[in-house]
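We use all heavy atoms of the structure for the numbers below, so side chains are in, but hydrogens, waters and symmetry mates are not.
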Amino acid sequence: MVPGIDFSGTVSESSNPAWKTGDKVVLNGWGVGETHCGGLAEMARVKGEWLVPLPKNFSARQAMAIGTAGYTAMLCVLALEKHGIKPADGEILVTGANGGVGSVAIAMLAKLGYQVVASTGRTSEAEHL
């Protein structure tokens, strides 16, 4: 099993009509690195439905710096917005604030103008938060 729960790269070959050789893509999730060989391989064969186009303003390296934690955090922020939550509505609690998803969520929410309350079980990190 090859580890790596996400990857970014260039399509070298595809039988999926959504993708052609040379397309820049990102993959997050779908059991890659867990139940399917993962993104730390030099090449990966995955279902085309699992891929997302790499945004034009991102390099593959930048996409992987954001990674699954950033992707998951953004999905959470989008869910809040989808349900009508706005910065003026009050504080937003982020649990697990010292982890990857929590720390990225805090940064995104703060940048969007939300008042963030951070929660962690790591008392040694309280001052930082």
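Here the closest non-hydrogen pair linking G113 and P87 is O-CB, 3.4 Å. When every heavy atom of G84 is checked against every heavy atom of D89, the shortest pair comes out as O-OD2, 3.5 Å. Taking each heavy atom of A105 and V94 in turn, the nearest pair found is CB-CG1, 4.5 Å. Of all non-hydrogen atoms in L54 and A63, the two that sit nearest each other are CD1-CB, 3.5 Å.
For the atom pair CG of N98 and OG of S124, the computed distance is 7.5 Å after rounding to the nearest 0.5 Å. To the nearest 0.5 Å, the span separating CD on E91 from OH on Y114 amounts to 14.0 Å. Rounding to the nearest 0.5 Å places OG of S103 at 10.5 Å from CD of E125.
Under the 4.0 Å criterion applied to side-chain N and carboxylate O atoms, D23 and K20 are assigned as salt-bridge partners.
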Which pairs would a plain distance check flag for residues 66-80, meaning a side-chain donor or acceptor within less than 3.5 Å of a matching protein atom at least two apart in sequence or in another chain?
from, atom 1, to, atom 2, distance (Å)
T68, OG1, D6, OD2, 2.7
T68, OG1, N28, ND2, 3.3
T72, OG1, T68, O, 2.8

Check: residues 10-17 side-chain donor-acceptor pairs under 3.5 Å, at least two apart:
from, atom 1, to, atom 2, distance (Å)
T10, OG1, K24, NZ, 2.9
S14, OG, N16, N, 3.0
S14, OG, N16, O, 3.2
N16, OD1, A18, N, 2.7
N16, ND2, E49, OE2, 3.2

Checking side-chain contact (heavy atoms from CB on, under 4.5 Å) for the pair L109/I92: CA distance, chi angles, key distance, verdict?
-> CA-CA 8 Å; L109 289 164; I92 298 289; 3.8 Å; yes
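Counting only heavy atoms from C-beta outward, the side chains of L51 and W19 approach each other to under 4.5 Å. At least one side-chain heavy atom of I106 sits under 4.5 Å from a side-chain heavy atom of V116. Annotation: side chain of M64 is in contact with side chain of V26 (closest heavy-atom distance under 4.5 Å). The side-chain heavy atoms of W50 and V32, taken from C-beta on, include a pair separated by under 4.5 Å.
Put simply, F7 and W30 are part of the same group of oily side chains (I, L, V, M, F, W, Y) that touch within less than 4.5 Å, one to the next.
Annotation for M1: atom CE counts as buried by contact number, over 12 foreign heavy atoms lying within 6.0 Å.
Under a 4.5 Å side-chain heavy-atom criterion applied to ILVMFWY residues, the cluster that includes V117 comprises L93 as well.
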